[in-house]
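Contents: one structure, followed by commentary.
Worth saying up front: this structure is predicted, and the values here are computed from it rather than measured. Reminder, nothing fancy here: chain letters follow the sequence lines and each chain counts from 1.
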There are 2 protein chains.
Amino acid sequence: MTSDKRKSVIDAAATSFAHFGYKATSMDQIAKIAKVGKGTIYNYFSTKEELLKEIIQNFAAEMRQVATDAITPGNSFVSNFNEALHEVVKFREQQELTIKLSQEVKEFGTPEAVEALQSLENEICDFIESRILLAIERGELRECDPKITAFLMFKMYINLVNDWKERHESLPKEQIASLINLYFIEGLANNNM
Amino acid sequence: MTSDKRKSVIDAAATSFAHFGYKATSMDQIAKIAKVGKGTIYNYFSTKEELLKEIIQNFAAEMRQVATDAITPGNSFVSNFNEALHEVVKFREQQELTIKLSQEVKEFGTPEAVEALQSLENEICDFIESRILLAIERGELRECDPKITAFLMFKMYINLVNDWKERHESLPKEQIASLINLYFIEGLANNNM
DNA sequence: CTAGTGACTAAAAAACCATTTTAGTCATAT
DNA sequence: ATATGACTAAAATGGTTTTTTAGTCACTAG
């Protein structure tokens with residue numbers, strides 16, 4: 001089967017990117033790990049960047065699947081949101097890829113890594129946006145711009161997971177979920193006065 | 001008067017840092033602009049970084065003043081928050097120093113510049129934190145961790161002002177105010193069901 | 001014919017070294 | 001006691017050589 005080789009190339013590249021980063025992975029190395037000739041890679045992918053893009057797309061699809069699976073149709077938006085968030089966090093931690101790419105962006109500013117993470121971010125935001133739209137239709141959330149809301153929810157998540165721990169202790173998953181719930185869903189206004 | 005020289009050193013350094021950046025400013029150059037011998041600088045500041053820190057501290061004090069001036073005692077927490085942050089950002093943009101330092105961080109990752117901007121951010125967060133504490137005491141906000149809250153409010157503001165406009169149209173001041181109010185204070189939960 | 005391949009090349013990155021610049025010192029001067 | 005500029009060790013810079021690497025292509029096996 002022909003796509004047999006294609007698959008092993010993708011697998012080899014994915015592990016190497018995750019392990020050493022995009023920049024530090026050479027096409028020769030990928031060929032070696034995948035146990036194919038270097039020319040073979042170019043039968044399936046026109047360029048190294050193309051290869052990364054495909055891997056990121058696969059990753060995004062997997063993540064979407066994980067998130068979708070965590071959603072229980074009958075449950076509330078908040079509960080589903082927390083559940084999905086929790087599963088995605090778990091899934092992302094398993095994958096070294098994004099962590100490594102983030103490091104690379106910070107350290108070298110590798111343009112391909114920047115773009116890869118960018119597109120991943122877009123995928124995630126699009127997904128959240130679609131769920132927000134549903135929740136608004138169902139009357140669970142009040143009217144709001146779904147694009148901006150999705151963007152901010154994602155960013156807040158990143159702020160809590162990544163940026164906060166640069167200055168202080170990193171926060172446990174449960175606390176992150178409850179914080180997002182507190183700020184975003186319930187709001188800080190004191191209605192019990 | 002002895003602190004006469006100290007002042008001119010600070011002024012010279014501040015203008016040169018703002019104009020050429022921290023890295024591209026040499027101590028010789030500062031001495032020249034300040035019209036003092038290089039040794040004189042070291043009578044007042046033990047190191048180049050020390051000099052930057054002092055300048056940043058002065059800057060932070062000015063910023064705090066701007067923020068305080070923007071606060072109207074009778075108004076709501078959110079309204080004051082947005083007004084103050086807006087003035088602070090405007091003030092920061094007027095000053096070339098922070099812009100130049102930001103560029104330097106992006107381009108070279110100069111550690112001193114990173115730290116300087118970091119400490120500015122901390123000052124801002126500390127200020128917000130103190131206002132949040134007041135608002136909680138006054139019963140305007142419900143109980144919450146003031147440090148995390150301040151951090152997230154600051155970040156959300158930056159997300160809306162800077163990060164959003166990298167992908168989409170930049171948002172007008174009023175909309176940012178109402179968005180922060182919507183997400184942070186009121187919350188998205190639809191309580192009218 | 002088709003998919004696979006590794007030797008090959010031009011271009012980019014890294015390693016190297018000579019030269020210059022610069023942060024910080026200090027002996028001297030005021 | 002404060003001010004200073006010549007001085008030094010360390011770091012930055014620039015230019016050159018060497019190595020690595022993305023991508024090609026003539027060739028092979030099936």
Side-chain angles (χ1 to χ4, degrees), chain A residues 1-17 19-56 100-101 103-105 107-116, chain B residues 1-17 19-56 100-101 103-105 107-116:
Chain A
M1 185 144 185
T2 164
S3 64
D4 201 33
K5 303 234 156 184
R6 189 188 146 89
K7 174 92 169 39
S8 53
V9 166
I10 289 187
D11 288 348
T15 42
S16 189
F17 287 161
H19 212 78
F20 306 107
Y22 176 79
K23 208 177 93 127
T25 296
S26 71
M27 294 302 261
D28 282 295
Q29 197 178 345
I30 294 172
K32 200 170 173 187
I33 297 174
K35 286 174 189 148
V36 297
K38 185 155 71 139
T40 306
I41 301 177
Y42 288 91
N43 283 340
Y44 299 107
F45 306 95
S46 61
T47 171
K48 188 180 174 188
E49 188 175 1
E50 209 62 40
L51 189 46
L52 175 65
K53 276 187 188 157
E54 168 107 13
I55 290 168
I56 290 290
K100 205 73 201 178
L101 286 180
Q103 281 175 8
E104 211 171 320
V105 168
E107 198 168 351
F108 309 107
T110 323
E112 292 92 333
V114 173
E115 222 189 313
Chain B
M1 182 138 189
T2 165
S3 63
D4 200 33
K5 302 232 159 188
R6 189 188 147 90
K7 174 93 171 37
S8 53
V9 166
I10 288 187
D11 287 348
T15 43
S16 188
F17 287 161
H19 212 78
F20 305 107
Y22 176 80
K23 208 175 94 128
T25 296
S26 71
M27 293 302 260
D28 282 294
Q29 197 179 345
I30 295 171
K32 201 171 172 186
I33 297 175
K35 287 175 188 146
V36 297
K38 186 158 68 145
T40 306
I41 301 178
Y42 288 91
N43 283 337
Y44 299 106
F45 305 95
S46 59
T47 171
K48 187 182 173 186
E49 189 175 2
E50 208 62 40
L51 189 45
L52 176 64
K53 276 186 186 156
E54 168 108 14
I55 290 167
I56 290 291
K100 205 75 202 177
L101 287 179
Q103 281 175 8
E104 211 171 319
V105 168
E107 197 167 351
F108 310 108
T110 323
E112 293 93 332
V114 173
E115 223 189 310

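- Using modelled atom types, one side-chain atom of A:E104 and one backbone atom of A:K23 make a donor-acceptor pair closer than 3.5 Å.
- Taking a 4.0 Å limit (strictly below) on heavy-atom distances, residues 22-29 of chain B reaches DNA chain C at B:T25, B:S26, B:M27.
- Rounded to whole angstrom, the span from the CD atom of A:E49 across to the C1' atom of D:dG23 amounts to 14 Å.
- Rounded to whole Å, the distance from OH on A:Y44 to C1' on C:dT5 is 12 Å.
- In this structure, B:I41 places its CD1 atom 16 Å from C1' of C:dC26, rounding to the nearest Å.
- For A:E112, the side chain to side chain donor-acceptor pair (under 3.5 Å) criterion is met by no residue, not counting sequence neighbours.
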Side-chain donor/acceptor pairs under 3.5 Å, residues 28-41 of chain B, sequence neighbours excluded:
{"residue": "B:T40", "atom": "OG1", "partner": "B:G37", "partner atom": "O", "Å": "3.4"}

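- Regarding B:F108, its CZ atom lies at a distance of 15 Å from the C1' atom of D:dA11, rounded to whole Å.
- The CD1 atom of B:I30 sits 12 Å away from the P atom of C:dT22 (whole-angstrom rounding).
- Annotation: salt bridge (Lys or Arg N to Asp or Glu O under 4.0 Å) contacts involving residues 40-54 of chain A, sequence neighbours excluded, comprise A:R6-A:E54.
- A donor and an acceptor atom sit less than 3.5 Å apart, one in the side chain of B:K38 and one in the base of C:dG24.
- Between D:dG23, C:dG24, C:dG4, one nucleotide has an atom nearer to the side chain of A:T47 than all others, and that is D:dG23.
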Contacts table for residues 8-17 of chain B: side-chain donor-acceptor under 3.5 angstrom, sequence neighbours left out:
{"residue": "B:S8", "atom": "OG", "partner": "B:D4", "partner atom": "O", "Å": "3.4"}
{"residue": "B:S8", "atom": "OG", "partner": "B:K5", "partner atom": "O", "Å": "2.9"}
{"residue": "B:D11", "atom": "OD2", "partner": "B:K7", "partner atom": "NZ", "Å": "2.8"}
{"residue": "B:T15", "atom": "OG1", "partner": "B:D11", "partner atom": "O", "Å": "2.9"}
{"residue": "B:T15", "atom": "OG1", "partner": "B:A12", "partner atom": "O", "Å": "2.9"}
{"residue": "B:S16", "atom": "OG", "partner": "B:T25", "partner atom": "OG1", "Å": "2.9"}

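- Minimum heavy-atom separation, B:Y42 to B:T47: CE2-CA, 4.3 Å.
- Atom-to-atom, NZ of B:K32 to C1' of C:dA23 comes out at 18 Å; the value is rounded to the nearest Å.
- Spacing between atom CD of B:E112 and atom P of C:dA23 amounts to 10 Å, rounded to whole angstrom units.
- Taking the side chain to side chain donor-acceptor pair (under 3.5 Å) definition, one finds that A:S46 meets it with nothing, sequence neighbours left out.
- Of the candidate nucleotides C:dA3, D:dT2, D:dT24, D:dT2 has the atom nearest to the side chain of B:N43.
- Regarding A:F45, its CZ atom lies at a distance of 15 Å from the P atom of D:dA22, rounded to whole Å.
- Considering only the side chain of B:Y42, C:dA23 comes nearest among C:dT5, D:dT4, C:dA23.
- When the local axes at the two ends of the helix from C:dC1-D:dG30 to C:dT30-D:dA1 are compared, using 5 base pairs at each end, they differ in direction by 20° after rounding to 10°.
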